[in-house]
2 protein chains.
Amino acid sequence: MEITELPKGYTKDELIQPQTKLSESNLKSMLRSMNLKVTNQRLSILKALNKGPKTHVTAKDVFERVSAEYPNIGFATVYRFLKETSRFGITSELRIGYAPTRYELKVREHHHHIVCTKCGKIVEFQNEIIEDQIKKVGKDHNFSIEHHIFELYGFCNNPNCCK
Amino acid sequence: MEITELPKGYTKDELIQPQTKLSESNLKSMLRSMNLKVTNQRLSILKALNKGPKTHVTAKDVFERVSAEYPNIGFATVYRFLKETSRFGITSELRIGYAPTRYELKVREHHHHIVCTKCGKIVEFQNEIIEDQIKKVGKDHNFSIEHHIFELYGFCNNPNCCK
DNA sequence: CCAAAGATGAAAATGATTGTCATTTTTATT
DNA sequence: AATAAAAATGACAATCATTTTCATCTTTGG
Ligand SMILES: [Mn+2]
Ligand SMILES: [Mn+2]
Ligand SMILES: [Zn+2]
Ligand SMILES: [Zn+2]
């Protein structure tokens with residue numbers, strides 16, 4: 001079957017390990033490296049992205065986290081900046097089923113995701129064999145591959161997976 | 001970089017080979033196998049999906065093709081039925097960047113796509129090694145994998161690839 | 001401090017997809 | 001062929017994530 005429905009339980013928290021905590025000056029130099037001005041809103045968005053345990057967050061998630069600090073933040077600012085981060089390779093985008101786009105800071109190595117379509121759990125994995133095959137496929141078809149999406153969907157065999 | 005933008009030239013026709021031409025009675029039995037009533041609109045949508053050379057079509061593409069035969073067709077009918085076909089595994093869905101969902105009749109074997117983000121060309125490929133790794137990853141993480149998405153994005157080294 | 005250049009937020013716009021519902025069509029059964 | 005129940009259709013409104021617009025602030029280099 002193809003991805004035709006949202007992962008039902010996707011509101012649940014994910015079980016990913018908390019990630020490296022980046023310092024304020026780390027975040028500022030990130031912004032400078034993007035040739036963007038350093039604003040409180042942007043720093044706050046980066047902090048929100050960097051805050052565990054939920055590391056795959058939607059624009060709405062970010063908006064809510066930042067709103068606590070800056071109640072006047074606008075959605076446009078969040079969306080605009082998230083797109084920038086993705087454009088500059090600071091974050092990667094995750095499109096799961098028909099759910100809103102999720103973002104994650106690229107603080108860990110390149111990886112992909114297995115999504116439980118029952119409880120929404122997201123597990124990360126890496127696979128060198130697949131990455132090698134991607135290069136091969138590109139070569140075989142005379143394409144310069146710039147990026148790829150690769151996500152697995154199924155059911156986690158977890159005792160506490162909902163229902 | 002992640003998929004942050006639409007393939008620019010995606011309006012262009014794709015260069016996929018025309019696919020097996022299914023007969024009207026083939027299409028009718030498809031519908032019956034789905035426990036759906038046989039209507040002219042549905043047959044026309046299936047025909048549209050089955051018509052080359054563009055085999056990865058959006059709801060709008062289908063709407064336009066069907067409109068020629070049934071000028072009163074509504075978008076709702078197209079969307080509703082396309083979703084059904086996907087649910088029953090008659091079609092597979094393709095989500096390319098932020099472009100509208102594309103559908104393709106499952107008349108060929110399981111495969112994936114390389115998309116040229118410059119000219120929109122879509123090339124299909126199969127890779128057994130990757131499919132095997134998918135099974136392995138599922139097993140390793142104790143998931144029952146139901147489906148997966150896997151698409152490569154890049155530039156085709158094609159003399160007639162736009163600019 | 002000052003003046004671009006850039007960033008922000010409010011609000012409206014966009015665009016794909018879905019929901020509603022009155023009307024029509026299909027199909028199995030007389 | 002007539003009929004009745006179930007299902008499908010199409011017009012239209014609604015949703016909802018994301019983007020655009022634009023007038024008003026901020027940032028930053030000089
Ligand atoms: Mn991840
Ligand atoms: Mn295909
Ligand atoms: Zn990869
Ligand atoms: Zn596959």
Side-chain angles (χ1 to χ4, degrees), chain A residues 2-6 10-11 27-46 56-64 66-67 69-88 91 93-103, chain B residues 2-6 10-11 27-46 56-64 66-67 69-88 91 93-103:
Chain A
E2 293 298 308
I3 319 122
T4 54
E5 326 175 29
L6 288 176
Y10 205 70
T11 51
L27 302 179
K28 280 184 183 169
S29 40
M30 262 189 187
L31 290 176
R32 297 221 177 78
S33 77
M34 291 191 264
N35 285 318
L36 295 178
K37 295 193 169 160
V38 176
T39 67
N40 294 326
Q41 291 91 330
R42 284 173 175 167
L43 286 171
S44 182
I45 292 170
L46 288 177
H56 305 90
V57 293
T58 62
K60 192 155 162 281
D61 293 335
V62 171
F63 177 82
E64 280 161 10
V66 174
S67 288
E69 218 179 341
Y70 299 97
N72 293 325
I73 186 89
F75 256 108
T77 303
V78 173
Y79 273 109
R80 252 180 325 229
F81 181 58
L82 285 177
K83 211 203 289 180
E84 288 286 273
T85 61
S86 163
R87 201 163 67 76
F88 280 97
T91 57
E93 297 187 8
L94 242 189
R95 324 235 9 241
I96 293 171
Y98 290 115
T101 305
R102 285 169 185 275
Y103 293 84
Chain B
E2 293 299 306
I3 318 122
T4 54
E5 327 176 29
L6 288 176
Y10 205 70
T11 50
L27 303 179
K28 281 185 183 170
S29 40
M30 263 190 185
L31 289 177
R32 298 221 176 80
S33 76
M34 290 191 264
N35 284 318
L36 294 179
K37 294 191 169 161
V38 177
T39 68
N40 293 325
Q41 290 92 329
R42 285 173 174 166
L43 286 171
S44 182
I45 291 171
L46 288 177
H56 305 89
V57 293
T58 62
K60 191 155 162 284
D61 292 334
V62 170
F63 176 83
E64 280 161 10
V66 174
S67 289
E69 218 179 340
Y70 299 96
N72 292 326
I73 187 89
F75 257 107
T77 302
V78 173
Y79 274 107
R80 253 182 322 232
F81 182 58
L82 285 177
K83 212 204 287 181
E84 288 286 273
T85 60
S86 164
R87 201 162 67 76
F88 280 97
T91 58
E93 297 187 7
L94 243 188
R95 324 235 8 238
I96 293 170
Y98 289 115
T101 305
R102 285 169 185 276
Y103 293 83

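Per chain, numbering begins at 1; letters A, B, ... match sequence-line order.
The separation between A:Met34 atom CE and C:dA5 atom C1' is 18 Å, rounded to whole Å. Here the P atom of nucleotide D:dT19 and the CG atom of A:Leu82 are 10 Å apart, to the nearest Å. Atom pair B:Tyr70:OH and C:dT24:P shows a separation of 18 Å (rounding to whole Å applied). Straight-line distance from the CZ atom of A:Phe75 to the C1' atom of D:dT21: 19 Å, rounded to whole Å. Protein atom OH of B:Tyr98 is 14 Å distant from nucleotide atom P of C:dT17, rounded to whole Å. Between A:Asp61 atom CG and D:dT18 atom P there is a gap of 11 Å when expressed in whole angstrom units. Residue A:Arg102 contributes atom CZ, which lies 11 Å from atom P of D:dA17 at whole-angstrom precision. Atom-to-atom, OH of A:Tyr79 to C1' of C:dG15 comes out at 14 Å; the value is rounded to the nearest Å.
Listed for the A:Thr91 side chain is a donor-acceptor partner under 3.5 Å among the backbone atoms of A:Ser86. Using modelled atom types, no side-chain atom of B:Arg102 and backbone atom of B:Leu94 make a donor-acceptor pair closer than 3.5 Å.
Of the inter-residue distances, the one linking A:Lys37 atom NZ with A:Arg32 atom CZ reads 12.5 Å to the nearest 0.5 angstrom.
Checked against C:dA10, C:dA5, D:dA11, the side chain of A:Lys37 finds its nearest nucleotide in C:dA5. Closest to the B:Thr77 side chain, of the nucleotides D:dA11, D:dT18, D:dT9, is D:dT9. When the nucleotides D:dA17, C:dG9, D:dG10 are ranked by their closest atom to the side chain of B:Ala76, D:dG10 comes out on top. The B:Arg42 side chain lies nearest to D:dA8 when the options are D:dA17, D:dA8, C:dG19.
When each of B:Asn40 and A:Phe81 is assigned the nucleotide of DNA chain C bearing its nearest heavy atom, the one mapping closer to the 5' terminus is A:Phe81. Between B:Thr39 and A:Thr101, the residue anchored nearer the 5' end of DNA chain D, judged by the nucleotide with its closest heavy atom, is B:Thr39.
OP1 or OP2 of C:dG9 lies within a sub-4.0 Å distance of a side-chain N or O belonging to A:Gln41. Residue A:Lys83 places at least one side-chain N or O under 4.0 Å from the OP1 or OP2 atom of D:dT19.
Within the 4.5 Å cutoff, the side chain of B:Val62 has no heavy atoms near those of the B:Tyr103 side chain.
For A:Lys60 against D:dA17, no side-chain N or O and base N or O form a donor-acceptor pair under 3.5 Å. Side-chain to base pairing of A:Arg80 with C:dG6: no donor and acceptor N or O lie closer than 3.5 Å to each other.
A donor and an acceptor atom, one from each side chain of A:Thr77 and A:Gln41, are nowhere located under 3.5 Å apart.
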